[in-house]
Amino acid sequence: MPARLLKIATYNVNGIGARLPHLLAWLQREQPDIVGLQELKCSQDAFPQAAIAQAGYGAIWQGQRAWNGVALLARGQDPVESRRGLPGDPGDGQSRYIEAAIHGIVVGCLYAPNGNPQPGPKFDYKLQWMARLARHARTLVELPHPVALIGDYNVVPTDADIYDPKGWRRDALLQPQSRQAFAELLAQGWTDALRQVHGDARIYTFWDYFRQHWPRDRGLRIDHLLLNPVLAAALRDAGVDRWVRDLEKASDHAPTWVQVQAPSRTGK
DNA sequence: ATGTCCAGACGATCTGGA
């Protein structure tokens with residue numbers, strides 16, 4: 001019997017109010033099984049649950065007025081929520097993490113802080129948040145079932161992940177401390193799925209709105225799917241749905257995805 | 001400093017954030 005494949009995707013929508021038509025068109029065409037969304041930029045009450053249910057997806061979300069906001073969508077089922085918010089700072093009111101079991105996989109959806117300008121309090125918050133993420137990730141990586149940590153990490157891991165590292169050298173996304181935080185996750189045993197599949201190929205997931213960067217393909221790779229060893233063994237393909245970035249009034253990010261062999265229902 | 005887009009606000013343009 002052929003193995004069933006699951007598509008897991010992450011998409012920073014940059015405002016779900018402005019981007020709902022794009023989101024629905026993408027769900028219809030690509031039929032991802034598991035979706036993490038970031039930058040909803042909507043209050044908890046304003047999330048378009050009815051339209052997403054109509055498209056065939058159950059959803060959980062953590063909204064926030066105007067900024068941040070994350071959601072998880074599950075094709076044909078409801079996510080089973082396991083966590084809302086990163087542990088380690090009860091005073092952190094920013095909506096940046098939500099986690100659930102979907103189709104037999106534990107999925108954490110994250111929107112890491114941008115951190116600009118650096119140095120400064122926003123950069124300090126970015127590094128503290130990444131340290132909290134690392135502490136939580138350590139509790140997930142060695143679990144005996146498949147786990148994915150997907151989202152906008154706001155980190156360009158290496159100079160090969162950006163069109164112009166010199167032009168961005170002072171940006172928070174390229175700082176050694178930011179890159180070290182990402183590298184520490186990989187050192188725990190997580191696999192960077194896009195790099196695993198594509199080796200040294202140029203891959204971008206974000207093209208800012210300035211200076212016609214999209215038409216000139218001047219991008220950054222900052223949306224990542226990290227897989228624990230159990231799930232990495234099931235990895236079959238990975239990619240970026242660039243056609244979504246080419247739509248009129250597009251988000252500055254494109255959906256980024258992996259295809260994995262579905263876990264067996266009996267478990268292991 | 002620049003570039004562009006989103007959401008919100010005592011709004012018919014400004015601001016903060018990215």
Side-chain angles (χ1 to χ4, degrees), chain A residues 10-26 36-49 51-52 61-71 86 92-97 109-130 133 150-157 161-175 177-179 181-182 204-224 240-256:
Chain A
T10 178
Y11 180 27
N12 180 322
V13 293
N14 188 17
I16 199 165
R19 223 68 63 201
L20 186 59
H22 289 189
L23 173 64
L24 296 175
W26 171 67
L37 301 176
Q38 303 88 33
E39 281 209 85
L40 302 177
K41 294 186 175 177
C42 76
S43 64
Q44 188 69 12
D45 292 345
F47 185 82
Q49 180 181 22
I52 286 169
W61 64 96
Q62 178 70 24
Q64 183 178 335
R65 193 184 67 162
W67 297 310
N68 307 320
V70 285
L86 269 186
D92 183 358
Q94 300 191 25
S95 297
R96 296 186 177 276
Y97 189 83
C109 170
L110 64 99
Y111 175 52
N114 174 289
N116 282 303
Q118 73 80 32
K122 291 188 177 179
F123 191 62
D124 295 342
Y125 173 67
K126 176 190 185 82
L127 297 181
Q128 288 161 10
W129 197 93
M130 292 300 285
L133 176 63
I150 68 175
D152 179 355
Y153 283 73
N154 266 316
V155 175
V156 175
D161 295 304
I162 183 168
Y163 69 97
D164 177 16
K166 287 181 179 171
W168 287 70
R169 70 189 183 282
R170 302 182 70 171
D171 194 279
L173 280 57
L174 279 74
Q175 292 313 297
Q177 302 100 310
S178 307
R179 289 176 161 178
F182 188 79
Y204 301 137
T205 67
F206 165 87
W207 300 256
D208 72 26
Y209 292 121
F210 305 148
R211 306 181 201 90
Q212 296 194 295
H213 278 167
W214 164 248
R216 299 158 74 191
D217 196 25
R218 298 189 164 206
L220 290 66
R221 190 175 75 97
I222 58 176
D223 301 276
H224 306 298
V240 180
D241 287 334
R242 292 171 61 105
W243 66 269
V244 181
R245 183 62 182 82
D246 203 40
L247 296 171
E248 198 173 342
K249 306 271 293 180
S251 167
D252 38 9
H253 296 251
T256 305

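Each chain gets a letter, A, B and so on, in the order the sequences are listed, and its residues count up from 1. All values below come from the heavy atoms of this structure, side chains included, with hydrogens, waters and symmetry mates left out.
The base of B:dT4 has none of its N or O atoms less than 3.5 Å from a complementary donor or acceptor on the side chain of A:Arg211.
Between B:dC5 and A:Arg19, no contact under 4.0 Å exists linking OP1 or OP2 to a side-chain N or O.
Across the C1' atoms, B:dG8 and B:dA12 are found 15 Å apart, a figure rounded to whole Å. Between the P atoms of B:dT15 and B:dA1, the separation comes to 15 Å (whole Å). Taking the C1' atom of each, B:dG16 and B:dG11 are spaced 16 Å apart, rounded to whole Å. Spacing of P atoms, B:dG3 relative to B:dA7, comes out at 22 Å, to the nearest Å.
Residues that satisfy the side-chain hydrogen bond (donor to acceptor under 3.5 Å, both in side chains) test with A:Ser251, not counting sequence neighbours, are absent from this structure. When the ring-ring contact (aromatic ring centres under 6.0 Å, His included) test is applied to A:Tyr111, no partner is found at least two apart in sequence or on another chain. For A:Arg242, the side-chain contact (heavy atoms from CB on, under 4.5 Å) partners two or more places apart in sequence, or in a different chain, are A:Trp207, A:Trp214, A:Asp217, A:Val240. A:Gln64 is linked by a side-chain hydrogen bond (donor to acceptor under 3.5 Å, both in side chains) to A:Asn68, counting only residues two or more places apart in sequence or in another chain.
For residues 113-128 of chain A, there are no salt bridge (Lys or Arg N to Asp or Glu O under 4.0 Å) pairs, not counting sequence neighbours.
For the pair A:Trp168 CH2 and B:dA1 P, the computed distance is 17 Å after rounding to whole Å. B:dT4 atom P lies 12 Å from atom CZ of A:Arg216, rounded to whole Å. As a whole-Å value, the separation of A:Glu248 CD from B:dC6 P is 11 Å. In this structure, CD of A:Gln212 is placed 10 Å from P of B:dC5, rounded to the nearest angstrom.
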Protein proximity profile, nucleotides 8-18 of chain B - base contact B, sugar-phosphate-only contact S, no contact -, cut-off 4.0 Å on heavy atoms: SS-------BS

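Aromatic ring orientation, A:His253 versus A:Phe206: tilted (interplanar angle from 30° to 60°).
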